[in-house]
Novice: 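Structure provided below as structure tokens; questions to follow.
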Amino acid sequence: MATEFHNLQELRHSASLANKVFIQRDYTDGTVCKFQTKFPSELDSRIERTLFEDTVKTLNNYYAEAEKIGGQSYLEGCLACLTVYLIFLCIETRYEKVLKKISRYIQEQNEKIYAPRGLLITDPLERGMRVIEISVYEDRGSSGSSSGSSTTSSSGR
Amino acid sequence: MMKNREYQQIDPQALATPTPTPPPRPLPEHKPKRARRKWEVFPGKNRFYCNGRIIVARQSGVLPLTLGLILLTSGLFFVFDCPFLVKHLTSCIPAIGGVLFVFVVISLFQTSFTDPGILPRATPEEAADIEKQIDNPTGSSSSYRPPPRTKEVIINQQVVKLKYCFTCKIFRPPRTSHCSLCDNCVERFDHHCPWVGNCVGKRNYRFFYTFVVSLSFLTAFIFGCVTTHLALSFHTYLVAANLTTNEDIKGSWSGKSGNEDVGNPYSYNSMIKNCCSVLCGPMPPSLIDRRGFVPSDDSVQTSPVEIELPAAKNDINMCTHGTKGLLETASRSPLLTSSCPQAKPQAAPAFLEPLPEVTPSPALEPAKTTAGRQSTNTPHKHHSHHRSKGKQASHHTHKTSNSSPRPHHSHSSRRKDSKNRDPKFSSLR
């Protein structure tokens with residue numbers, strides 16, 4: 001995954017980075033990791049609202065699952081406490097497993113939905129879980145246009 | 001113009017080799033010569049070891065001292081206390097101590113070397129975006145003023161203010177605080193602990209708690225073991241040598257721990273016999289007769305003429321402790337018939353009646369008991385001494401039982417000066 005990110009970052013050579021949109025955290029439920037589902041205006045012309053909201057809601061669900069306090073987390077916590085947390089050196093925690101799932105999901109979303117639209121989602125883990133960074137690319141060939149051109153699926157300007 | 005132009009699909013898989021041209025915006029983490037790890041360019045005041053696996057604060061504080069104290073105390077305990085306690089108590093002691101010690105050390109290292117929950121600083125784009133967001137909606141007019149310091153959010157129907165961190169260029173999430181020592185924003189910031197040389201935050205709070213609790217248990221355990229060791233060791237030695245602490249400190253007999261029984265006249269020269277005599281020997285009664293009634297003032301009579309007689313009575317194993325003892329002996333001596341053994345049978349029946357009224361006495365010689373009442377006046381407790389006073393004591397008891405009990409202050413006043421007793425004694429006659 002890391003190598004692909006590196007590759008993705010070099011997309012700017014084929015398509016220039018026009019803008020970055022940041023989806024901030026939603027703290028209404030406390031300190032749990034949750035992102036705002038408010039549709040940013042900069043993406044208005046690039047992607048459908050429903051697709052975007054689906055992505056963010058799915059990500060929120062994944063994070064809620066990772067941070068869920070329940071049977072498995074208690075078991076993991078108690079076992080870790082008994083072994084003076086040395087068990088963290090050996091096994092992967094539930095949170096880490098979910099983060100891997102999120103990473104795969106984002107990659108899949110990028111490939112299927114966002115890349116065709118000239119967008120790129122950066123894993124929030126790379127940004128300290130503060131924001132979902134969506135990079136907006138525009139075609140290198142285009143001139144004088146600040147925002148990217150429309151794709152075939154979405155309506156253009 | 002660009003309506004119908006097909007956008008070039010960004011294919012994540014299609015990229016082959018990195019282009020040699022330098023990127024338009026230089027990325028600090030990528031260098032053409034050697035890829036640097038992020039810890040090498042970490043902006044906070046932390047230090048990293050093992051190629052980024054271990055993180056500590058810049059000032060390790062007193063972590064070496066903490067570690068040193070724990071190692072020293074535990075080391076001394078295992079070397080000096082454990083062998084003794086294993087021999088005398090149980091071999092579980094070093095096992096428990098060992099487990100606690102391992103818990104303490106591991107949790108200390110985990111607290112010190114774990115990332116407490118540091119929030120990475122905002123990328124330049126993020127910072128710019130935040131400033132843009134703040135300026136536009138709120139309509140802040142002044143352009144060169146820094147972004148507002150707070151943002152309000154509603155968490156569980158409660159308003160919480162999020163502060164803007166100028167160092168990290170982010171609005172801090174709730175419960176996040178910036179540590180000036182480490183120069184980082186830390187999630188769920190508890191405090192910066194100099195003892196562990198690191199911040200305590202969301203990710204290492206459980207390690208810190210485990211460390212504190214296990215250290216408390218270890219300290220209490222070591223303290224308990226050391227106290228037990230001292231108690232067992234020192235007084236066991238004293239019991240086995242039939243010594244008192246006073247004698248041991250003063251070195252009355254030997255003064256050296258090597259020669260335990262040399263010089264001690266009270267030792268039976270056998271550890272077992274010493275132990276038996278000290279711990280299992282006969283239990284002497286209390287001689288102070290706390291609940292006895294104070295005899296009336298004229299209960300004991302004497303004539304000053306017989307003061308010289310006590311010299312003869314020294315043969316009857318009396319301890320004469322100075323003038324007081326002499327006068328006391330003198331006060332009693334005229335009532336003696338002949339020698340002590342004769343006094344004893346005379347005294348015995350006399351005492352049987354008043355005994356229940358005065359003091360419940362142990363099943364020893366009654367002469368001793370009632371004489372004990374009188375012995376409040378005398379410091380010695382030798383049996384023959386009391387027997388010699390037996391007959392006189394019988395007079396005491398008869399008179400005492402007939403007369404009303406004296407108040408206690410007269411009882412105490414008798415102790416002070418034996419001379420005061422003389423008029424009391426004489427008054428009874």
Side-chain angles (χ1 to χ4, degrees), chain A residues 4-17 19-22 24-31 77 80-81 83-86 88 107 110-111 114-120 126-131 133 135 137-145 148-152 154-157, chain B residues 1-16 18-19 21 23-25 27 30 35 102-107 110 114 118-123 125-126 128-130 133 153-157 160 162 168 170-171 173-176 185 187-188 202 204 206-207 209-211 214:
Chain A
E4 294 204 21
F5 266 114
H6 284 250
N7 292 335
L8 283 167
Q9 295 218 352
E10 290 170 64
L11 291 173
R12 58 194 66 198
H13 305 307
S14 53
S16 62
L17 183 68
N19 197 10
K20 282 192 183 180
V21 181
F22 297 97
Q24 298 287 338
R25 283 273 293 271
D26 179 8
Y27 293 117
T28 53
D29 286 343
T31 52
C81 189
T83 61
V84 208
Y85 306 104
L86 291 173
F88 289 155
Q107 188 188 356
N110 273 336
E111 286 170 10
Y114 289 82
R117 291 163 173 78
L119 302 169
L120 201 66
E126 306 256 324
R127 294 289 177 263
M129 306 287 262
R130 293 186 306 267
V131 288
E133 183 182 292
S135 307
Y137 289 91
E138 64 178 34
D139 189 14
R140 201 174 270 267
S142 68
S143 56
S145 171
S149 58
S150 58
T151 62
T152 48
S154 62
S155 59
R157 286 217 190 138
Chain B
M1 241 188 285
M2 301 171 343
K3 275 185 198 176
N4 296 322
R5 186 176 300 193
E6 193 161 75
Y7 190 83
Q8 181 184 358
Q9 180 167 346
I10 301 167
D11 187 7
Q13 319 275 356
L15 295 169
T19 55
T21 57
R25 283 175 216 175
L27 300 167
H30 293 287
V102 163
F103 262 60
V104 166
V105 170
I106 290 180
S107 52
Q110 286 173 334
T114 305
I118 296 170
L119 276 181
R121 298 191 184 179
T123 57
E125 296 95 3
E126 259 183 81
D129 186 66
I130 288 173
Q133 280 183 11
V153 292
I154 296 172
I155 298 173
N156 285 331
Q157 287 92 46
V160 173
L162 303 184
C168 303
I170 54 166
F171 275 99
R175 311 184 92 177
T176 302
C185 271
E187 282 185 288
R188 207 181 178 280
K202 181 167 145 189
N204 66 349
R206 64 191 70 194
F207 306 140
Y209 182 74
T210 308
F211 167 65
S214 55

Novice: For B/T210, is it the side chain, the backbone, both, or neither that has a heavy atom closer than 4.5 Å to a heavy atom of chain A?
Specialist: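 Only the side chain of B/T210 comes within 4.5 Å of chain A.
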Novice: Against chain A, label B/Q110 side chain, backbone, both or neither, depending on which of its atoms sit under 4.5 Å from a heavy atom there.
Specialist: side chain
Novice: For B/R121, which atoms come within 4.5 Å of any heavy atom of chain A: side chain, backbone, both, or neither?
Specialist: backbone
Novice: Just checking A/F88: does its CZ atom have more than 12 heavy atoms from other residues, nucleotides or ligands closer to it than 6.0 angstrom?
Specialist: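 Atom CZ in A/F88 is packed in, count exceeds 12.
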Novice: Quick one: CG on A/L119 to OH on A/Y137, what's the gap to the nearest 0.5 Å?
Specialist: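 One gets 10.0 Å once the value is rounded to the nearest 0.5 Å.
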Novice: Would you check if the side chain of A/R25 reaches a backbone N or O of A/M129 as a donor-acceptor pair within less than 3.5 Å?
Specialist: yes
Novice: Among B/E126, B/Q157, B/R175, who wins on heavy-atom pairs under 4.5 Å with chain A?
Specialist: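 Option with the greatest count: B/E126.
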Novice: Indicate yes or no: at least one non-hydrogen side-chain atom of B/E125 is less than 4.5 angstrom from one of A/F22.
Specialist: yes
Novice: Pick one of side chain, backbone, both or neither for A/V131, based on which atoms fall under 4.5 Å of a heavy atom in chain B.
Specialist: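 Interface part for A/V131: side chain.
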Novice: Let's test your reading of the structure: which of B/V102, B/I118, B/L119, B/I154 forms the most heavy-atom pairs below 4.5 Å with chain A?
Specialist: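 That would be B/I154.
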Novice: So which part of A/T28 gets closer than 4.5 Å to some heavy atom of chain B, the side chain, the backbone, both or neither?
Specialist: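 Looking at A/T28, backbone and side chain both touch chain B.
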Novice: Can you tell me how far CG of B/N204 sits from OH of B/Y209, rounded to the nearest 0.5 angstrom?
Specialist: 15.5 Å
Novice: When rounded to the nearest 0.5 angstrom, what is the spacing between CZ in A/R127 and CD1 in B/I170?
Specialist: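 Here the interatomic distance stands at 13.5 Å.
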Novice: For chain A, which of B/L162, B/I106, B/N156 has the most heavy-atom pairs under 4.5 Å?
Specialist: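 Highest number of heavy-atom pairs under 4.5 Å: B/I106.
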Novice: Measuring from B/E187:CD to B/K202:NZ, what's the distance to the nearest 0.5 Å?
Specialist: 4.0 Å
Novice: Name the member of B/S107, B/A128, B/P173 that forms the most heavy-atom pairs with chain A at distances under 4.5 Å.
Specialist: B/P173
